[in-house]
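Down below is the structure, laid out as structure tokens.
Every number for a ligand or one of its atoms is a count from 1 in the order of the listing. All values reported here derive from a predicted model rather than from experimental measurement.
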Amino acid sequence: MDKTKGYRLATRVIHDALTPELWEGATLAPIFQCAAHEHETAESLSLAFGGKNNHPVYGRLSNPTNTVLEKKLAALENGKGAIVMGSGMAAVSNTCMALLRAGDNFVSGKSLFMSTYLLFTNVLKKYGITAKLVHTGDSRTLENAIDARTRFIYAETIGNPAMDVPDLENLGRIAKKHGLPLVVDSTLATPYLMNPLGLGADVVIHSTTKYLSGHGNAPGGVVVDGGTFDWNNGKFDDFKPFVDRKGELALLDRIWREHHINFGTTQAPFHSYLTMTGLDTFVLRMERHLSNAMDVAGFLENHPLVASVNYPGLPEHPDHDLALRQFGGKGFGALLTFNLKDEATCFRFIDNLKLIYHLANLGDCKTLVIHPWSTQYLSFSPEARTALGIQPGMIRLSVGIEDVADITEDLAQALEKSVTK
Ligand SMILES: Cc1ncc(COP(=O)(O)O)c(C=O)c1O
């Protein structure tokens, strides 16, 4: 990893953590397609179980291919360590479970990805845990929600699909003032737009299923630990055994030891391999994703059949100035939503698309579309949908890296056909 110190992102993302000298000269990490690893002596396996020997033991606990990806992703986010998992939701749920005990609560931005919202509001409730959902822009409400049983603050760095952008430095300040870790899901912003660890976050989560792998072929997730949080601040006495064992990486140790290996949220090594292949073109892909998204947002904004467009890149978006500053002018993400007249118009629009795929994913090379109201949020009450910014006439578009003229032409012809004559 040191070999790439000082190199820039586009170089590091390709070269970080590669050790061809250990892989018969291969410049891609080999896939260790095995469930367990032999130890030559009884002592070696015993030492490994005692954490005193790094020789891998069993596929659910760790895998050498996954370890290479963990090093790459930790480096990409300027973190001290990382664990890759079988999905983004595994990363979200394991992190929450490691931080929370029955009776605890946490404060989260209310703009959340669907499954995260369900985990927070329904599933964790079963364990006596309360998620206090607030508008992250309202610092006073956020601070008032914090009490003696609050364990962390959580936010998405671009909300899916609300498309809002929280002020991370402000959240980081509040978290620090109250002695709490700030955990963020940065799936939509990606390490191309920002490194949340440098802006006040202590832990960064990604669904690697999206832009990091980039080809819609490898479900996965990652938790990156900045190693910045002070677990000895008097609020986290239950972390003592993990601090004693792993110091600044106490949270990662707890996630791994208590949750990841016991809930069995392992990443398949082939998925790590595919994710690393995708990472090689990450910077190139992001450049194209971001410029295409900006063009598509402009096209939709000027289209007479489109009622409104929600994209932080547009100057009228309420978080535009903040996003410009926080993302350093590099772009605004490649997901956007727009509103048509009603649900029936959305259905006709989707049914008439020729190039753009209709499916439940984002962050693929291909442009993807979904009607959230009738799909991901189908089981939600109308009130919950409205609170999350989901409307019957809303389309979510994940802008891909095709020729942008082909994307806008497909949108234009489907919009035209969405109108009943
Ligand atoms: C922001 C965000 N976080 C987490 C997830 C969950 O990721 P996965 O589907 O890999 O579990 C998603 C999935 O769309 C997402 O958009």
Checklist entry - Within 45° of the ring axis of Y211 and under 6.0 Å from its six-membered ring centre, is that where the NZ or CZ of R285 lies? => result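 That pair does not qualify as a cation-pi contact.
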
Which residue supplies the protein heavy atom nearest to [atom], what is that atom called, and how far is it?
atom	answer
atom 11 (O) of ligand 1	M89 N, 2.8 Å
atom 6 (C) of ligand 1	F113 CE2, 3.5 Å
atom 9 (O) of ligand 1	K210 NZ, 3.8 Å
atom 8 (P) of ligand 1	G88 N, 3.4 Å
atom 16 (O) of ligand 1	N160 ND2, 2.8 Å
atom 3 (N) of ligand 1	D185 OD2, 2.5 Å

Next on the checklist: Quick one, K246 with D225, criterion salt bridge (charged side-chain N to carboxylate O under 4.0 Å, His left out). Give me CA distance, side-chain angles, the key distance, then yes/no.
Outcome noted: CA-CA 12 Å; K246 288 286 175 182; D225 192 337; over 6 Å; no

Checklist entry - If every non-hydrogen atom of A98 is compared with every non-hydrogen atom of I255, which pair is closest and at what distance? => result CB-CG1, 3.5 Å

Checklist entry - So is T209 polar-close to ligand 1, meaning N/O to N/O under 3.5 Å? => result yes

Next on the checklist: Under a 4.0 angstrom heavy-atom cut-off, which atoms of ligand 1 come close to G220?
Outcome noted: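 What qualifies from ligand 1 is 10 (O).
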
Next on the checklist: With the threshold set at under 4.0 angstrom, would you say A91 reaches ligand 1 through any of its heavy atoms?
Outcome noted: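 No, that is not the case, since the closest heavy atom of the residue is not under 4.0 Å from the ligand.
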
Checklist entry - Out of V183, T95, L251, L73, which residue meets the side chain to side chain contact (heavy atoms under 4.5 Å, CB included) rule with V223? => result T95

Next on the checklist: Under a 4.0 Å threshold between the charged nitrogen and the carboxylate oxygen, would R254 count as salt-bridged to D238?
Outcome noted: yes

Next on the checklist: For Y377 together with Y117, are the ring centres under 6.0 Å from each other?
Outcome noted: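 They do not qualify: ring centres at least 6.0 Å apart.
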
